[in-house]
Amino acid sequence: MPDHLFKTIAVVHSPFRQKFGIPRQPGLCPSVTGQIELRPPYNHPDTIRGLEGFSHIWIIFVFHAIEKEKWNPLVRPPRLGGNERVGVFASRSTHRPNPIGQSVVKLEKIENKNQKLILHISGHDLLNGTPVLDIKPYLPYAENIPQASSGFLKRTDFIPLQVSFTETAKAECQQWENKNQQALCDMLIEILQQDPRPAYHKKITTDREYGMQIYDLNIRYRLVADMVEIFELMPAGET
Ligand code: SAM
């Protein structure tokens with residue numbers, strides 16, 4: 001069988017400038033916004049005619065920020081605590097023979113301005129700069145399967161963490177929102193409720209401080225027992 005070569009039809013603009021902190025699946029953090037900018041020659045409005053009537057779309061993309069050629073037949077899904085292994089094709093691991101991802105996201109609006117064709121999306125799990133291979137409408141009549149079973153995932157209970165801001169951090173967050181005319185505070189709560197730490201960190205019982213980059217900010221937070229407190233928002237690059 002021949003190998004195949006695919007074209008990058010679009011690129012993702014996302015608040016996530018590093019992998020740490022990105023939700024592990026779409027839909028988990030509905031406040032996360034982003035844009036998909038179509039590249040020439042796919043930025044002709046004809047390519048998306050009719051898409052505006054769909055509330056959700058599939059994004060087929062490349063996991064471009066992984067170590068290439070580094071996949072294993074067995075992987076350790078974070079939802080199994082990082083101990084148990086399952087087959088790569090029974091997982092959503094980013095390290096696979098073809099590093100291709102698929103995410104259903106909400107289509108908020110379509111912007112067609114100055115030769116730019118941009119799909120505004122929310123609830124995604126994509127790194128900034130992700131190359132997009134394809135966009136397709138989500139078909140609820142065929143793809144919504146309420147009786148579907150979820151394999152090894154049904155053994156794991158997910159309990160969201162409690163997240164709060166210190167007064168200073170809340171003020172910094174609101175200032176950033178006002179300056180940039182973009183939502184941030186709710187998004188940070190949703191992200192940290194999901195506990196982005198790798199599974200092996202979750203076994204650490206002592207209080208710890210963490211940082212993650214969102215937009216141009218380094219978000220600093222501490223974990224005390226199962227409670228997250230965001231205590232500082234600094235320009236990324238400063239310590
Ligand atoms: N929903 C997709 C799927 O099932 O194919 C992706 C699931 S994958 C577990 C989600 C993770 O991929 C994110 O938490 C982030 O760490 C990582 N990721 C997102 N975009 C990426 C990219 N362009 N390159 C490498 N890793 C990426």
Side-chain angles (χ1 to χ4, degrees), residues 6-39 56-82 84-107 119 121-138 143-145 148-153 156 158 160-161 187-202 210-215 219:
F6 294 104
K7 297 175 180 71
T8 299
I9 58 131
V11 67
V12 174
H13 302 296
S14 157
F16 302 116
R17 310 295 153 94
Q18 57 169 206
K19 284 184 270 178
F20 183 68
I22 306 182
R24 294 197 170 95
Q25 283 301 335
L28 299 176
C29 300
S31 303
V32 169
T33 56
Q35 297 87 40
I36 297 176
E37 181 174 349
L38 284 108
R39 301 177 71 212
H56 291 75
I57 53 177
W58 281 105
I59 310 299
I60 319 295
F61 61 93
V62 179
F63 291 117
H64 73 303
I66 50 153
E67 285 176 69
K68 303 279 179 273
E69 309 294 338
K70 246 199 149 185
W71 71 274
N72 279 308
L74 290 171
V75 300
R76 300 169 197 260
R79 282 284 293 272
L80 289 179
E84 280 183 61
R85 294 172 196 229
V86 303
V88 64
F89 300 131
S91 84
R92 294 301 190 95
S93 170
T94 53
H95 290 84
R96 19 196 349 111
N98 292 310
I100 293 175
Q102 58 184 83
S103 296
V104 177
V105 300
K106 183 155 188 239
L107 178 60
L119 310 183
I121 57 168
S122 64
H124 69 83
D125 56 351
L126 305 169
L127 185 66
N128 191 43
T130 295
V132 175
L133 301 180
D134 208 352
I135 296 164
K136 302 183 190 199
Y138 170 77
E143 292 172 323
N144 177 12
I145 309 174
S149 56
S150 50
F152 56 82
L153 291 177
T156 66
F158 172 72
L161 298 179
M187 183 172 99
L188 295 181
I189 293 176
E190 287 175 3
I191 291 168
L192 292 173
Q193 276 175 340
Q194 298 288 323
D195 197 352
R197 294 174 301 158
Y200 64 90
H201 260 242
K202 296 182 186 171
Y210 294 87
M212 61 177 182
Q213 193 185 340
I214 307 279
Y215 292 115
I219 314 295

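Indexing begins at 1, ligand by ligand and atom by atom, following the structure's order.
When Ile60, Val12, Thr94 are checked for heavy-atom proximity to atom 12 (O) of ligand 1, Thr94 turns out nearest. Closest heavy-atom approach to atom 3 (C) of ligand 1 within the set Gln102, His124, Gln194: this belongs to Gln102.
Judged by distance alone, the side chain of Gln193 and the main-chain N or O of Asp195 form no donor-acceptor pair under 3.5 Å. Side-chain N or O atoms of Gln194 include none that pairs as donor or acceptor with a backbone N or O of Cys29 at under 3.5 Å. With Arg96 contributing its side chain and Ser91 its backbone, the two residues share a donor-acceptor pair below 3.5 Å. Looking at Arg17, its side chain does come within 3.5 Å of a backbone N or O of Ser14 through a donor-acceptor pair. Side chain of Ser103 to backbone of Val105: no donor-acceptor contact under 3.5 angstrom is found.
Across every non-hydrogen atom of Pro196 and Ile191, the tightest pair is CD-O, 3.8 Å. Nearest heavy atoms, Ala90 versus Phe152: O-CE2, 3.3 Å.
Closest protein heavy atom to atom 26 (N) of ligand 1: Lys19 CD, 3.6 Å. Nearest protein heavy-atom neighbour of atom 4 (O) of ligand 1: Arg92 NH1, 2.5 Å. The protein non-hydrogen atom at the shortest distance from atom 27 (C) of ligand 1 is Phe63 CD2, 3.7 Å. With respect to atom 19 (C) of ligand 1, the closest heavy atom belonging to the protein is Asp125 O, 3.3 Å. With hydrogens left out, the protein atom closest to atom 14 (O) of ligand 1 is Pro23 O, 2.9 Å, a heavy atom. Protein heavy atom closest to atom 10 (C) of ligand 1, with residue, atom name and distance, is Arg24 O, 3.6 Å.
For ligand 1 and Thr130, the ligand atoms under 4.0 Å from any heavy atom of the residue are 20 (N), 22 (C), 23 (N). Less than 4.0 angstrom separates some heavy atom of Val62 from each of these atoms of ligand 1: 23 (N). Close approach of ligand 1 to Ser103 is summarised as follows: ligand atoms under 4.0 Å from at least one heavy atom of the residue are 1 (N), 2 (C). Each of the following atoms of ligand 1 lies closer than 4.0 Å to a heavy atom of His64: 22 (C), 23 (N), 24 (N). Under a 4.0 Å criterion applied to the non-hydrogen atoms of Pro26, ligand 1 contributes the atoms 1 (N).
Side-chain contact between Pro15 and His124 is present, with heavy atoms from C-beta onward closer than 4.5 Å.
Ligand 1 has a nitrogen or oxygen under 3.5 angstrom from a nitrogen or oxygen of Ala65. Looking at ligand 1, you won't find any N or O of Gly101 less than 3.5 Å from one of its N or O atoms. Among the atoms of Leu127, some N or O lies under 3.5 angstrom from an N or O of ligand 1.
Going from atom CZ of Phe63 over to atom CD1 of Ile100 covers 9.5 Å, rounded to the nearest 0.5 Å.
Aromatic ring orientation, His56 versus Tyr138: perpendicular (interplanar angle above 60°, classes split at 30° and 60°).
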